Amino acid sequence: MTNDTQPQELTDGFHLVIDALKLNGITNIYGLPGIPVTDLTRMMQAEGMRVISFRHEQNAGNAAAIAGFMTGKPGVCLTVSAPGFLNGLTALANATTNCWPMILISGSSEREIVDLQQGDYEEMDQLAIAKPLCKAAFRVLNAEDIGVGIARAIRAAVSGRPGGVYLDLPAKLFGQAMDAAAGKASLIKVVDPAPRQIPAPDAVQRALDLLKGAKKPLILLGKGAAYAQADADIRTLVEKSGIPYLPMSMAKGLLPDTHEQSASAARSFVLPEADVVMLVGARLNWLLSHGKGKTWGGKGHKNAGGQKFIQIDISPTEADSNVAIDAPLVGDIGSCVSALLAGMGSNWAKPPAEWLNAVAERKNKNVAKMAETLAKNPPVMNYHSSLNVVRDIIKANPDAMLVNEGANALDFTRSIVDMYKPRKRLDVGTWGVMGIGMGFAVAAAVESGQPVIAIEGDSAFGFSGMEVETICRYNLPVCIVIMNNNGVYRGDEVNVTGGKDPSPLVFVKGARYEKLMEAFGGVGVLANTPAELRTAMEEAIKSRKPTLINAVIDETAGTESGRITSLNPTSAAKKK
Ligand code: OXT
Ligand code: ADP
Ligand code: MG
């Protein structure tokens, strides 16, 4: 037989998408099926990919985003058109805001009809809507361009400052057939998707000079430092310099929180007192009071405190975004930190003892105060007595992943529960967004294989609570602890009018959240005491069974917005 008469082997858009992703090492998909991606999910599974199917796209998107943070590879979320796409978009925007690599792949409707606005099924110009909310957005119209489309999406997500990428795949694309060999040849294996960016030697020297002259230096580690996976070098930098460091929330555990140089327990002392601050993958945004104001020892909220700043960041435009940066160090954190280490030489002088002693004194005082509070066992469980248990459980299981959201449930957990290893604490991030909980918990279990503990405010849990079914369906080792105080911040508010409606801030009292887990075959536990909570958590870790513990917390224990009460606006117009 000649080649002319041999039947041509064909491939199609479905398989090219799958092959392109697999070629680039992407094998986990977080999504929700429906027109036009239903078959794609089936085929992905058939081709050996792990498809985790959620109950709402926002949770799938959050899972993809945090998978990106954990692995440094883009997490992929797959949705249907218009409403499914929009449901996933919040997570894509959140990923971009947090600098996490993620790709949202959405099916879309017939281009010809959408562009003429003729009212197609789920009609929407998704590409245009996604563009301002992510780092890059692409659409693929022809099967032979799928390889390029996916390569561009991967590169855009992970190179430079990581972020979210939208990839629009119209329904018609999936069915397009082409020659299999030509299809294979059209795929691209992305080489060096996140190239190292070596800092300029003069910038390294400028930073070292500033650090050398400091009397009260401080290192601030942000989640960019955790993301960079330069753990050993970062630890060496901290230890060799002898400088106290402060981890931002998701950088906790980069060095163990129990490290003697950790200044976490002296935060409000070290920020205004420091004279030179080195930011490592942390932005001077609202979480750091924009680098000025009272937090930094400034007179008014617009006044700087007089600190000199070194900022290590991959984004060349980050410096000076809030206050002047004296020594910007632009490059990837791994390269910048190793350049600093090389420049420090072998006889780097530790900071003056006076500074180290002052930090230690303040820290020890706060740690002792905390220990005293944690030792109390009030008649009704509160944040301290319950989180003391979580603290012990994490200490005994340092490889476990910790997911955390809420207001008081977030802030108390952050300061009470020590972390021991990098990238183990996953939380509300830059936006302080509620709803990340169950999506993060699913991805944390899938990506790490470790047990996951999700500490959830009862309000926070409500945003993604239906995913307990997903957790049960995939039999994931997730232990959810709901800090149940009957409401947003507190559960004791009343309707001031005396009317029948409850206050906007409270929920059904004594809600039995644990029954939600039981409905899907998981383990539900009601815990009224620290002892009950401890037993239930230990059992959950041991059994690896999906577990939901409804921890009943004193409904008067919380404060408005937790530690960020001051961000609530107050009216300048006095009421009579
Ligand atoms: O130095 P000082 O003395 O100041 O003490 C500090 C440390 O030194 C000390 N510390 C320690 N002491 C001893 N030992 C150790 N180890 C130690 N470590 C620390 O403790 C204190 C505090 O330390 P910290 O935390 O480091 O310092 P500080 O000053 O707090 O740090 C400042 C910040 C800004 C960095 C920090 O506070 C922070 O990271 N905050 C994040 C806040 C945040 O993001 N909050 C979430 C948003 S709140 C709100 O928006 C909510 N909503 C609205 C909503 C949202 N968000 N999203 C969506 C989609 N829709 C609506 C809602 C609905 S929260 C919320 C639900 C709330 O209800 P829940 O039921 O879920 O939760 P509950 O409140 O529990 O009811
Ligand atoms: P945090 O909330 O913990 O303070 P941010 O999200 O504000 O952290 O800051 C993270 C910073 O880290 C961003 O400015 C981002 O550009 C930077 N970043 C992320 N990855 C890297 C990397 N590999 N190398 C250098 N900088 C990075
Ligand atoms: Mg609550």
Side-chain angles (χ1 to χ4, degrees), residues 72 90 97-100 160-163 194 196-197 220-230 246-252 257-258 262-271 279-289 295 311-315 318 321 329-336 362-363 365-371 373-374 383 391 405-412 414-418 427-437 456-463 482-491 505-507 553 555 557-564 567-568:
T90 306
T97 297
N98 281 282
C99 314
W100 299 333
R161 171 181 276 178
R196 288 199 304 150
Q197 294 188 25
L220 257 166
L221 300 174
K223 61 172 122 66
Y227 173 81
Q229 301 202 15
L246 207 53
M248 297 299 288
S249 194
M250 284 179 64
K252 275 168 71 75
D257 279 337
T258 46
S262 168
S264 285
R267 188 178 200 272
S268 59
F269 173 73
V270 290
L271 290 180
L279 300 154
V280 187
R283 287 170 286 185
L284 283 175
N285 56 15
W286 71 278
L287 288 155
L288 284 168
S289 310
T295 308
Q311 183 159 30
I312 304 182
D313 206 291
I314 200 146
S315 165
E318 184 53 39
S321 57
L329 195 49
V330 177
D332 70 276
I333 285 167
S335 301
C336 291
R362 180 63 174 247
K363 172 178 159 177
K365 212 161 82 189
N366 276 351
V367 168
K369 213 164 77 188
M370 170 82 86
T373 316
L374 290 176
Y383 290 100
R391 177 183 162 99
E405 61 176 336
N408 296 279
L410 173 87
D411 293 341
F412 282 113
R414 187 178 58 250
S415 56
I416 293 171
V417 179
D418 289 329
D427 70 28
V428 299
T430 304
W431 265 351
V433 63
M434 298 299 110
I436 48 89
E456 300 275 313
D458 51 340
S459 163
F461 173 74
F463 288 71
I482 298 190
M483 312 292 278
N484 188 1
N485 66 347
N486 297 336
V488 177
Y489 312 138
R490 293 168 70 94
L505 289 136
V506 302
F507 299 141
I553 301 290
E555 65 174 13
T559 55
E560 178 115 0
S561 307
R563 297 272 304 170
I564 54 174
L567 296 186
N568 288 293

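When a ligand or atom number is given, it counts from 1 through the structure's own listing order. Keep in mind that this is a model prediction, so the values were computed, not measured.
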Closest to atom 10 (C) of ligand 2 (heavy atoms only, candidates Gly222, Ser315, Ser321, Gly281) is Gly281
Counting only nitrogen or oxygen atoms and a 3.5 angstrom limit, does Val433 reach ligand 1? no
Min over Asp332, Leu284, Asp313 of heavy-atom distance to atom 17 (C) of ligand 2 lands on Asp313
May I ask you to check whether Val488 has an N/O atom sitting below 3.5 Å from an N/O atom of ligand 1? no
Ligand 1 atoms nearer than 4.0 angstrom to some heavy atom of Val428 are 44 (O)
Quick note on ligand 1: atoms under 4.0 Å from a heavy atom of Ala266 include exactly 8 (O)
Among the heavy atoms of Ser561, does any lie under 4.0 Å from an atom of ligand 1?
no
for atom 25 (C) of ligand 2, nearest protein heavy atom and its distance come out as Ile333 CG1, 3.1 Å
Test your reading of the structure: does Asn485 have an N or O sitting under 3.5 Å from an N or O of ligand 1?
yes
Is the closest heavy-atom distance from Trp286 to ligand 1 below 4.0 Å?
-> yes
re atom 23 (N) of ligand 2, the protein heavy-atom contact at minimum distance is Ala228 CB, 3.7 Å
shortest atom 20 (N) of ligand 2-to-protein heavy-atom contact is with Tyr227 CD2, 3.5 Å
Heteroatom proximity flag, Arg414 to ligand 1, N/O under 3.5 Å | yes
Carboxylate-amine/guanidinium proximity below 4.0 Å for Asp332 and Arg196: no
Original post:
Checking only N/O/S atoms, does Asn485 have one that is under 2.8 Å from the Mg ion (ligand 3)?
Top reply: yes
Under 4.0 Å from one or more heavy atoms of Ser415, ligand 1 contributes atoms 10 (N), 15 (C), 16 (N), 17 (C), 18 (N), 19 (C), 20 (O)
Ala266 and Lys363 have their tightest heavy-atom pair at CB-N, 4.0 Å
- Query: Backbone or side chain, does any N or O of Ala460 fall under 3.5 Å from an N or O of ligand 1?
  - Reply: yes
May I ask you to check whether Glu405 has an N/O atom sitting below 3.5 Å from an N/O atom of ligand 1? no
Checking heavy atoms under 4.0 Å, the part of Leu288 that sits near ligand 2 is neither
Atoms of ligand 1 under 4.0 Å from any heavy atom of Ser268, numbered from 1 in the order shown, are 1 (O), 2 (P), 3 (O), 4 (O)
Considering distance alone, does some N or O of Arg161 sit under 3.5 Å from an N or O of ligand 2?
yes
Note: O(Gly487)-the Mg ion (ligand 3)-OD1(Asp458) angle, rounded to 10 degrees, equals 90°
So for ligand 1, is Leu287 a polar contact partner (N or O within less than 3.5 Å, distance only)?
no
Q) Can a non-hydrogen atom of Phe412 be found less than 4.0 Å from any atom of ligand 1? A) no
Taking N or O atoms only and a 3.5 Å limit, does Asp458 qualify as a polar contact for ligand 1?
yes
> Is the closest heavy-atom distance from Gly491 to ligand 1 below 4.0 Å?
Replying inline: no
Under 4.0 Å, counting heavy atoms only: does Ala194 come that close to any atom of ligand 2? no
Ligand 1 atoms nearer than 4.0 angstrom to some heavy atom of Ile564 are 42 (C), 43 (C), 45 (N), 48 (S)
Of Met250, Gln229, Arg283, the one whose closest heavy atom lies nearest atom 7 (O) of ligand 2 is Arg283
Quick look: Cys99 vs ligand 2, heavy-atom contacts under 4.0 Å, and the answer is side chain
The atoms of ligand 1 lying under 4.0 Å from a heavy atom of Leu410, numbered in the order shown, are 41 (C), 42 (C), 43 (C), 44 (O), 45 (N), 46 (C)
message = Tell me whether Ile314 has any N or O atom under 3.5 angstrom from an N or O of ligand 2.
response = yes
> Would one find an N or O of Phe269, backbone or side chain, under 3.5 Å from an N or O of ligand 1?
Replying inline: no
Short version for Lys223: what comes under 4.0 Å of ligand 2, heavy atoms counted, is both
Point to revise | Sub-3.5 Å N/O-N/O distance, Tyr383 and ligand 1 | key: yes
Ala265 heavy atoms within 4.0 Å reach ligand 1 at atoms 8 (O), 10 (N), 11 (C), 12 (N), 13 (C), 14 (N), 15 (C), 17 (C)
Checklist entry - Between the side chains of Lys223 and Ser249, does any donor sit under 3.5 Å from an acceptor? => result no
If you measure from each heavy atom of Met483 to ligand 1, is any distance below 4.0 Å? no
